[in-house]
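So the structure is just underneath, and the comments pick up after that.
Bear in mind the structure is a predicted one, so any value in this text is a computation, not a measurement. Values below: every heavy atom of this structure, side chains too, minus hydrogens, waters and symmetry copies. For the single chain, residues carry numbers from 1 onward in sequence order.
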Amino acid sequence: MRFCALILLFIVMGCASPMSPLRSHVLPSAVLGHGSEVFAAYHVTFYRQGNTHKFLMHLEVFPDHVSLVGLGALGEVLFECRYDKSQAEKCDTLVEGIPAVMLLQDIELIYWPLDELNSKIKHSSFSLTETAQRRVLLYRQRILSEITYEKERSLLSRVTLDNKKYNYQLHIEPLHVKREVDHE
């Protein structure tokens with residue numbers, strides 16, 4: 001019985017390995033000016049273990065929440081994920097073993113400002129470095145994710161994310177990005 005309990009403890013500890021340092025998401029204000037909103041559409045290609053999934057992704061960023069929706073070729077909803085200041089809600093599974101919330105965390109890792117992301121991980125074993133065309137997320141000096149920008153980091157940049165921990169790649173091509181500013 002004690003042996004079984006010990007094995008269960010090791011399994012639980014193994015499952016507790018970091019999925020992402022951004023579990024407590026960066027607030028939407030990190031990519032917004034005061035009173036602004038972002039509406040973006042992207043063509044995404046997801047590669048994992050020889051399988052390819054292509055979909056359209058709609059990202060909406062408001063001062064109080066972020067919404068991410070994946071659409072198939074016929075406009076069918078493949079996944080939805082919404083995050084507000086308290087928690088992620090209604091997050092479906094993207095593909096087996098990869099919840100849509102991981103894609104939302106990848107989007108934050110790709111587009112949110114470095115100083116905002118680093119403020120979330122400053123007291124952890126994670127580190128994030130950046131050059132004009134590359135970002136690298138490390139955990140105890142081991143690369144977890146590597147991001148390459150076609151030009152420089154912006155909502156309009158073509159991006160490749162290589163998640164080495166979960167062995168998948170995302171290729172993101174912007175289709176349309178619109179910023180709306182509230183002129184109160």
Side-chain angles (χ1 to χ4, degrees), residues 7-26 40-60 66-83 87-112 114 117 120-121 124-131 133-151 153-176:
I7 289 175
L8 284 174
L9 178 64
F10 284 125
I11 290 171
V12 169
M13 287 173 57
C15 292
S17 65
M19 179 172 86
S20 170
L22 307 176
R23 280 194 184 137
S24 56
H25 296 272
V26 176
Y42 298 94
H43 180 262
V44 178
T45 306
F46 178 94
Y47 299 99
R48 184 174 190 222
Q49 300 170 346
N51 295 315
T52 301
H53 302 277
K54 294 183 179 191
F55 55 91
L56 294 177
M57 180 178 72
H58 292 274
L59 172 67
E60 295 179 350
V66 176
S67 176
L68 191 66
V69 177
L71 300 172
L74 300 175
E76 70 276 18
V77 175
L78 301 175
F79 65 85
E80 289 183 75
C81 194
R82 177 186 158 105
Y83 170 76
Q87 66 181 9
E89 53 186 62
K90 193 181 179 182
C91 283
D92 302 323
T93 299
L94 175 59
V95 295
E96 189 173 327
I98 307 293
V101 71
M102 282 184 67
L103 183 58
L104 180 57
Q105 291 169 344
D106 287 340
I107 296 302
E108 290 177 335
L109 189 59
I110 292 168
Y111 295 115
W112 267 236
L114 184 67
L117 295 171
K120 292 290 184 187
I121 62 175
S124 71
S125 297
F126 291 95
S127 62
L128 185 62
T129 61
E130 176 180 77
T131 63
Q133 291 182 276
R134 188 169 177 253
R135 249 186 200 177
V136 177
L137 176 65
L138 300 152
Y139 179 71
R140 296 185 177 163
Q141 303 305 315
R142 193 179 96 224
I143 295 176
L144 290 183
S145 291
E146 191 170 2
I147 300 160
T148 306
Y149 302 93
E150 183 181 64
K151 294 181 182 174
R153 184 184 60 80
S154 82
L155 290 169
L156 290 168
S157 182
R158 286 185 184 173
V159 177
T160 299
L161 176 135
D162 186 7
N163 185 311
K164 297 184 184 303
K165 180 173 175 85
Y166 291 96
N167 195 29
Y168 66 84
Q169 284 188 339
L170 293 174
H171 294 281
I172 302 173
E173 185 173 337
L175 299 173
H176 178 75

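In this structure, CE in M57 is found 3.5 Å from CD1 in I107, a value given to the nearest 0.5 Å. From Q169, atom CD reaches atom CD of E146 across 10.0 Å, with rounding to the nearest 0.5 Å. Of the inter-residue distances, the one linking R158 atom CZ with Y42 atom OH reads 13.0 Å to the nearest 0.5 angstrom. H171 contributes atom NE2, which lies 12.5 Å from atom CD of E150 (distance to the nearest 0.5 angstrom). In this structure, the separation between NE2 on H43 and NZ on K54 is 5.5 Å, given to the nearest 0.5 Å. Note that CG of L156 and CD of E173 are 11.5 Å apart. Values are rounded to the nearest 0.5 Å.
Pairing each heavy atom of R135 with each of L114, the nearest pair is NH2-N, 3.2 Å. When all heavy atoms of R48 and Y166 are compared, the pair lying nearest together is NE-O, 3.3 Å. In terms of heavy atoms, L71 sits closest to G75 at CD2-O, 3.6 Å. The two residues V159 and Y111 make their nearest non-hydrogen contact at CG2-OH, 3.8 Å. Across every non-hydrogen atom of S157 and P174, the tightest pair is O-CD, 3.7 Å.
Counting only heavy atoms from C-beta outward, the side chains of L117 and L137 never approach each other to under 4.5 Å. Between T45 and L170 the shortest side-chain heavy-atom distance does not fall below 4.5 Å. By the 4.5 Å heavy-atom criterion applied to side chains, I143 and D162 are not counted as neighbours. Side-chain contact between L68 and E80 is absent, with no heavy atoms from C-beta onward closer than 4.5 Å. No side-chain heavy atom of K164 sits under 4.5 Å from any side-chain heavy atom of S145. Residues C81 and L103 fail the side-chain proximity criterion, which asks for heavy atoms closer than 4.5 Å.
Q133 places a side-chain N or O within donor-acceptor distance of the main-chain N or O of K151, the cut-off being under 3.5 Å. With hydrogens and angles disregarded, a donor-acceptor distance shorter than 3.5 Å links the side chain of Y149 to the backbone of I110.
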Step-by-step ring-ring contact (aromatic ring centres under 6.0 Å, His included) determination, F46 to F55: CA-CA 8 Å; F46 178 94; F55 55 91; 7.3 Å; no

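Between F126 and Y139, the ring planes are tilted. Angles from 30° to 60° get that label.
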